Amino acid sequence: MSRIEVAVAAPLFQTLSYSFDSDKDGDPVGRRVLVRLGPQKVTGYVLGLLPDEDVSFRILPVLRFLDDRDKPLFPENLVPFFKWIADYYHYPIGEVVKTALPGGLTLRNRKVLQVMPDVEKNTIRWPDPNIAAPDWFSSLLAGKELSAAVTKKILIETQFSKAIDELKQKKLIRIVDVLDKVKTSEKLELCYRKTTTIELPQLGEAEQETAVAKGADQLLVNGEKLSIPMIRTLVNLTALAREQGVDSVAAKDLRRMYSGASRALKELEKQGLVCSEERRIYRNPFGEILTHFPKPESLSEEQTQVLSEILPALQQQTFTPFLLHGVTGCGKTEVYLRAAEETLTLGRDVLVLVPEIALATQLEAHFVSRFGDQVVLLHSGLSPGERYDQWSLAASGRAKIVIGARSAVFAPLSNPGLIVVDEEHDGAYKQEDGLRYQGRDLAILRGRYNKAVVILGSGTPTVTSFASAMKGKFTLLSMRKRVENRPLPTVQIVDLRDKKEKNYQEAIGKKLHKELGLNLEQGKQSILLLNRRGFSSVYLCSDCGEPVKCLHCHVSLTYHKRRAKLVCHYCGYTLKDKVICGACQSTKLTPVGYGTERIEMEIQERFPEARVARIDSDTAADRRAFLALLKKMHQREIDILIGTQMIAKGHDFPHVTLVGVIWADGGLSMPDYRGAERTYQLLSQVTGRAGRGDSPGRVIVQTLRPEHYAIQFARVHDYERLYQKEMENRANPKFPPFLRMINLKISGGNEGQVQSTAAQVAALCRTGKHAGIEILGPAPSPVDRIRDRYRWQVLLKGADSPLLHGICGRVLGRYSSLVKGDIRIAIDVDPESMM
DNA sequence: AGCACGCCGACT
DNA sequence: GTCGGCGTGCTC
Ligand SMILES: [Zn+2]
Ligand SMILES: [Zn+2]
């Protein structure tokens, strides 16, 4: 028996030791095991081998392996990566691995309540006279199985415990442990292989029919009695195998050729002429046939220049991070593709991260065009089965290129030599629940562990990344020219404070209206951006001025006119739009503020003849409808497209010549030190959507703060000055990149308890070493109640990273004494949103 | 997390 | 008296 280090799927900060039979089970690393953990059975992930030294605890053998020999779920190179993440994000190691793996692969035992096998059901009475027999008891007697989830609920209800104990003692019912059934696994397909060498007569259909007509239901071929269906199937099998260049052929293909194949195959198998086998098939997530992008003959001067730095770094096979600063349409994609080509030539793998795969289909299409089935996809849009298959293709080394969203940074590639993070500034790289990791940062880390080249690409890099480039931590590569020398659009700022410009209660100013009308006349497409969905952001009482709030969250409800509903964007709570004011019972409520839905309606009133469409997370929930809309946009069947930041990302609309930003400063009033940066990024991205060679683009930016530098620098497309200004601002008072932050988030159902726990957390931070660390709070979070949970926070700021993490460790060390009832403490390292 | 063990309040 | 509440601690 050999000893292994296992991370179990439980919130433990340490790994545990188990033993296994190395002769029988082979290499254990990267495979799942089922292990005992106290009185339960849980999934563990094997991280490595351990020396046989004396220990103070007993070492249990693993119950069994959940992954086959030689089919590890993840390569060994991910192990130090996982450990670093667990440490840095203060997250249990097993949960880190669980987050990294595709879902549905973590099994554990659960309790199920059932009637004792040989007990006659109708003889059982509900034993507790004080309460009526509950529904679950009746369905149990009716012969239904209770699920583990239902059992859990029943066992939590203390009112039933007496009756259950009694029934258990009388041996009428029992509670058994069942293991989760496997949710995601390999998909197998039945195949047949010819095992006979007999030569088949070249029997055409006509001849077969003649034979049947003559009454011959069987023919003798080389001493074997074969029916016509058997011959036909055997002929088809031989032909298909030759055609596909394989030995065994899928039964379903044979059935498609001849419906009698199933029965014939069974007969053939019985006579030993064919044998059946299961073959693994890989579910294919590439839904639509993607556009083919041919490889360009030549590269631009800038592409050549940039590649002359990247390719040698790839050949050196050392960790080299690049920041590729290239405006929209500068031809970054071709740089990624050439770098990927070189990486494959060197026998290494490629990992490409994109913000949200649904919107990055063009990058996907480019990679598939160039590299075919060496590419796999990993993103949330896949079914669990597809995701598992794509994962296994990478894990087994059959796929060399992984393209995916944030979590693809954990892709099981054994030797990544190139990691690309496209649109590195995108907020989607930060996971905002559970393991709150930053995909971009982890990409850099993985590059370091795997001695890979990392390319962070963006037209508007995060200030932090650009600062790293300035400090020399990243090599800065710049691409300033748009391909085909498309000019940058002209940007005009419109001051919304000017009463002559815009009427009260309207969103579109005179200037924007005029330009939209002009574009419409000329049959050109326009885009309108407003980063808020719904009709209005608040629904105000005209009598007392109070907004309608969510019952479960401390936020105003958003009015959705088409659905005639008031909706909470945090928890989904909805009200009909016929409400009375909760404060004064008034019925006079009016929508105030703007959302995309309201813009859509205003546009329809202003331009009744225009073909208008809207893209936001309400309308894009259905990926197929979303893709259909994009297609309509490409085919110029839409004149004006209205949307949230979604329209600014990823997708190129070649015929758009006008972009209108309804309210550019919306993000500047948020409690976020990156407000200016984000505003610039959004404006810059949406600006990049306007114009093509022959028809230059115009951008109208409406704002209440026309003088703000983020808006002014966006007008002149000057990233460097934005960067400098931001660095000045963040130097005093200090914000990242001049220091680091960790947010300790305390939440729970009882406001007083949350507040006092938050106070204890803050006190704990302040006791002990904290020199040079600013400890802010405890304070209520900006949204201090979501889903009936109160939320407080303690924010740590400081340049001394080890000390910051030390303070977190101190809090975590007291975790069990701090956390009572439903209180939770979440640690958000490098927070991006304080909400 | 999930489970066992252990120590105090309010029932028979 | 004990039944059951949940605070505390542990899991290789
Ligand atoms: Zn009111
Ligand atoms: Zn809500």
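Chain identifiers are assigned alphabetically (A, B, ...) following the order of the sequence lines, protein sequences preceding nucleic acid strands; residue numbering begins at 1 within each chain. What you see is a predicted model, and the numbers here were worked out from it, not measured in a lab.
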Next on the checklist: Under 4.0 Å, counting only non-hydrogen atoms across every strand here, what does A/P39 touch: a base, just sugar-phosphate, or nothing?
Outcome noted: sugar-phosphate

Checklist entry - Base, sugar-phosphate, or nothing: which does A/L60 touch, judged by heavy atoms less than 4.0 Å apart? => result sugar-phosphate

Checklist entry - Quick one: do the A/D830 and A/Y88 side chains pair a donor with an acceptor below 3.5 Å? => result yes

Checklist entry - Given atom NZ of A/K111 and atom P of B/dA1, what is their separation to the nearest angstrom? => result 18 Å

Checklist entry - Would A/T99 and A/Y437 count as having a side-chain donor-acceptor pair, cut-off 3.5 Å? => result no

Checklist entry - Using a cut-off of 4.0 Å on non-hydrogen atoms, how would the nucleic acid contact of A/S161 be classed: base, sugar-phosphate, or nothing? => result nothing

Checklist entry - What is the distance from CG of A/L49 to P of C/dC12, rounded to the nearest Å? => result 20 Å

Checklist outcome for this item: Atom CD of A/E166 and atom P of C/dG4 are separated, to the nearest Å, by 12 Å

Checklist outcome for this item: Rounded to whole Å, the NZ-C1' distance (A/K162 to C/dT2) equals 11 Å

Checklist entry - Looking for any heavy atom pair under 4.0 Å, which part of the strands does A/Y18 touch: base, sugar-phosphate only, or nothing? => result sugar-phosphate

Next on the checklist: Between P on B/dA4 and CG on A/L37, what's the gap in Å once rounded to a whole number?
Outcome noted: 13 Å

Checklist entry - Counting side-chain heavy atoms from C-beta on, which of C/dT11, B/dG2, C/dC12 comes nearest to A/L12? => result C/dT11

Checklist entry - Is any side-chain nitrogen or oxygen of A/K152 closer than 4.0 Å to OP1 or OP2 of B/dG2? => result yes

Checklist outcome for this item: Whole-Å distance, A/N109 CG to B/dA1 P, equals 16 Å

Checklist entry - Which part of the nucleic acid, if any, lies within reach of A/R3 when heavy atoms closer than 4.0 Å are counted: base, sugar-phosphate only, or nothing? => result nothing

Checklist entry - Counting side-chain heavy atoms from C-beta on, which of C/dG9, C/dC12, B/dA1 comes nearest to A/Q40? => result B/dA1

Checklist outcome for this item: A/K41 atom NZ is separated from B/dA1 atom C1', nearest whole Å, by 18 Å

Next on the checklist: Would you call the rings of A/F160 and A/W126 parallel, tilted or perpendicular, taking 30° and 60° as the class edges?
Outcome noted: perpendicular

Checklist entry - Atom CG of A/L47 to atom P of C/dC12: distance rounded to whole Å? => result 16 Å

Next on the checklist: Which nucleotide wins on minimum distance to the side chain of A/R108, given the candidates C/dC12, B/dG2, B/dA1?
Outcome noted: B/dG2

Checklist entry - So is A/R406 actually on top of A/Y429's ring, under 6.0 Å and inside 45° of the axis? => result no

Checklist entry - Has A/H552 got more than 12 heavy atoms of other residues, nucleotides or ligands less than 6.0 Å from its NE2? => result yes

